[in-house]
Trainee: 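This is the structure I have questions about; it appears just below.
In what follows, chains are A, B, ... by sequence order, proteins preceding strands, each numbered from 1.
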2 protein chains.
Amino acid sequence: MADGPSNTIGGENLLFLTDEQLRKGIEAMFFAYRGFTADPDRILEEHGYGRAHHRALHFINRTYGTTVNNLLLVLGVTKQSLNRVLRTLIEDGLVESRIGKTDRRERNLYLTETGAALERALSEAQRERMRAAYRAAGPQAVAGFRQVLEAMMDDEIRRQYNALRERRS
Amino acid sequence: MADGPSNTIGGENLLFLTDEQLRKGIEAMFFAYRGFTADPDRILEEHGYGRAHHRALHFINRTYGTTVNNLLLVLGVTKQSLNRVLRTLIEDGLVESRIGKTDRRERNLYLTETGAALERALSEAQRERMRAAYRAAGPQAVAGFRQVLEAMMDDEIRRQYNALRERRS
DNA sequence: CTTGGAATGTCAACAAGGCTGACATAAAAT
DNA sequence: ATTTTATGTCAGCCTTGTTGACATTCCAAG
């Protein structure tokens, strides 16, 4: 299985769908993701945090006052796992957790000044690499990049991703 | 910091380099990578393996007869960490380790029939998603996708990636 | 109003898979 | 003969995933 060429259908050139091309894409994704996380990882290590902390900081900053449950949906982990990360961030004074106003079971999450500063440092490092890559590849390549990534997400995730797009930071 | 527009330099439109665009790219990368690993993860779980096993199987299949040291360089983990994974794969009869012919200190690694079968199932699942994404986005988008990913890798990694490109599987 | 269920969040314990350090063995290189 | 290289192994640590048990809060049905 997984071989037949079938490179031309209806006259369109489908060489970009060969197994070989797909394999290159898979490996590019693997190696690029390593680069994508490398710079923040270095900063996180200095503070004794890991990627999980970065993700939490990012989305708390992103959707101001989000609840734990909201965060769980976006991050796709169990609440117990998130809770551990959240607890250390709160203890260290990077995140503030306030009891919900309308529903007192909920906790609304906010970055403190310190938390916001770390978030800025992390995302600036990541943006810097992204910016360099974007600049090197050019606007048309970037458009294609985003198209393929979006098509690669799970349907449910894509909905969340699109829902997130319009908000303010 | 991290704000100034500077969207036009020398008349070229640089709107695609705004912080907002970069943030979207970062989140797209995050969510897409989840989708990228989701299908193999399901298969791996049935067999009691993890992503680490998948990565090992992939590159052993990829570079037939590779050595342990080679694999370490590509995977970017410590030998102790790789060894744990490799040991279980060998014990379970998915990977064969033969003493090197020219240098008897080396171990050349090969997939057994069973190992090759699992590798095919994993990579076929992953290729299937990639194929769908590629098809949805079209050849031009795919070219851009690859360009940006490649620009995002660390220099050293990009060298390895390019070195890997030409070989047979 | 009370009570039972659902939603939300916390604590405890365990597993996978990273890491370092120390050490053993065999083979190659000097 | 000595040193270096390639590999394997043991022990122990950390992060970050998991499940199970439990407390609190809300809400709706009786």
Trainee: Where the side chain of B:Glu106 is defined as all heavy atoms beyond and including C-beta, which of D:dT7, C:dT8, D:dC26 is the nearest nucleotide?
Mentor: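 So the side chain of B:Glu106 is nearest to D:dT7.
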
Trainee: Looking at B:Glu45 and B:Arg42, is there a salt bridge between them, counting it only when a charged N and a carboxylate O are closer than 4.0 Å?
Mentor: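 Salt bridge: no.
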
Trainee: Using distance alone, with no hydrogens and no angle criterion, decide if B:Tyr49 and B:Asp92 have a side-chain donor and acceptor under 3.5 Å apart.
Mentor: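 A donor-acceptor contact under 3.5 Å links the two side chains.
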
Trainee: Under the criterion salt bridge (charged side-chain N to carboxylate O under 4.0 Å, His left out), I'd like the reasoning laid out for B:Glu150 against B:Arg146: C-alpha separation, chi angles, the key distance, then a yes or no.
Mentor: CA-CA 6 Å; B:Glu150 209 167 321; B:Arg146 289 270 300 275; 5.1 Å; no

Trainee: Starting at CG of B:Asn108 and ending at P of D:dG8, how long is that distance when rounded to a whole Å?
Mentor: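 Rounded to the whole Å, the gap is 11 Å.
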
Trainee: Atom CD1 of B:Ile99 and atom P of C:dA27: how far apart are they, to the nearest Å?
Mentor: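 To the nearest whole Å, that distance equals 7 Å.
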
Trainee: Closest-nucleotide mapping onto DNA chain D: is A:Arg55 or A:Thr102 further toward the 5' terminus? I mean the 5' end.
Mentor: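 By nearest-heavy-atom nucleotide position, the 5'-most residue is A:Arg55.
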
Trainee: What is the distance, rounded to the nearest whole Å, between atom CD of B:Glu91 and atom P of D:dT9?
Mentor: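 Answer to the nearest Å: 9 Å.
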
Trainee: What are the atom names and distances for every N/O pair under 3.5 Å that joins the protein to nucleotides 20-23 of chain C?
Mentor:
{"unit_1": "C:dG21", "atom_1": "N7", "unit_2": "B:Gln80", "atom_2": "NE2", "d": "3.4"}
{"unit_1": "C:dG21", "atom_1": "O6", "unit_2": "B:Gln80", "atom_2": "NE2", "d": "3.0"}

Trainee: Any donor-acceptor pair under 3.5 Å linking the side chain of A:His47 with the backbone of A:Leu44?
Mentor: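 Here the side-chain-to-backbone pair does not exist.
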
Trainee: Write down the distance between OH (B:Tyr49) and P (D:dG17), rounded to a whole number of angstrom.
Mentor: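 Those two atoms, OH and P, are 24 Å apart.
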
Trainee: Which whole-number value in Å describes the distance from B:Arg51 CZ to C:dG18 C1'?
Mentor: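 That distance rounds to 13 Å.
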
Trainee: Classify the nucleic acid contact of A:Ser97 as base, sugar-phosphate or nothing, counting any heavy atom under 4.0 Å across all strands shown.
Mentor: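 No contact at all - A:Ser97 keeps every heavy atom at 4.0 Å or more from the nucleic acid.
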
Trainee: Does this structure show an ion pair linking A:Arg129 with B:Asp154, if we count only N-O contacts that are shorter than 4.0 Å?
Mentor: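 A salt bridge links A:Arg129 with B:Asp154.
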
Trainee: For A:Asp103 and D:dC27, what is the distance between atoms CG and P respectively, to the nearest whole Å?
Mentor: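 Checked: the CG to P distance equals 6 Å.
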
Trainee: Does B:Arg105 make a side-chain N or O approach to OP1 or OP2 of D:dT5 shorter than 4.0 Å?
Mentor: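 For D:dT5, neither OP1 nor OP2 has a side-chain N or O of B:Arg105 closer than 4.0 Å.
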
Trainee: Base, sugar-phosphate or nothing for A:Gly76? Non-hydrogen atoms, less than 4.0 Å.
Mentor: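 Result for A:Gly76 = nothing.
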
Trainee: At what distance, to the nearest 0.5 angstrom, does NE2 of B:His58 lie from CD of B:Gln126?
Mentor: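 These two atoms lie 8.0 Å from each other.
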
Trainee: Nearest to the B:Asn69 side chain among D:dT7, C:dG17, C:dC11, which nucleotide is it?
Mentor: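 Selected nucleotide (nearest to the side chain): D:dT7.
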
Trainee: With a 3.5 Å cut-off and heavy atoms only, can you find an N or O donor on one side and an acceptor on the other between the side chain of A:Arg84 and the base of D:dG17?
Mentor: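 Indeed there is one.
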
Trainee: B:Thr67 or A:His53: which one's nearest nucleotide on DNA chain D is closer to the 5' end?
Mentor: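 The 5'-side residue here is B:Thr67.
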
Trainee: Is any NZ, NE, NH1 or NH2 atom of the basic residue among A:Glu27 and A:Arg23 found under 4.0 Å from an Asp or Glu carboxylate oxygen of the other?
Mentor: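 Yes, A:Glu27 and A:Arg23 are salt-bridged.
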
Trainee: Which part of the nucleic acid, if any, lies within reach of B:Gly48 when heavy atoms closer than 4.0 Å are counted: base, sugar-phosphate only, or nothing?
Mentor: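 The answer is nothing, as B:Gly48 stays clear of every strand by at least 4.0 Å.
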
Trainee: Please state how far atom CG in A:Asn83 lies from atom P in D:dA23, giving the value in whole angstrom units.
Mentor: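 Distance, rounded to whole Å: 16 Å.
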
Trainee: What integer distance in Å separates B:Arg104:CZ from D:dT5:C1'?
Mentor: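 Atom CZ in B:Arg104 sits about 16 Å away from atom C1' in D:dT5.
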
Trainee: At 4.0 Å (heavy atoms only), tell me whether B:Arg87 reaches a base, stays on the sugar-phosphate, or touches nothing.
Mentor: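 B:Arg87: backbone/sugar contact only, no base atoms under 4.0 Å.
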
Trainee: Flag the pair B:Glu96 and B:Arg98 as a salt bridge only when some basic side-chain nitrogen lies within less than 4.0 angstrom of an acidic carboxylate oxygen.
Mentor: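 Judged by the 4.0 Å cut-off on N to carboxylate O distance, B:Glu96 and B:Arg98 do form a salt bridge.
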
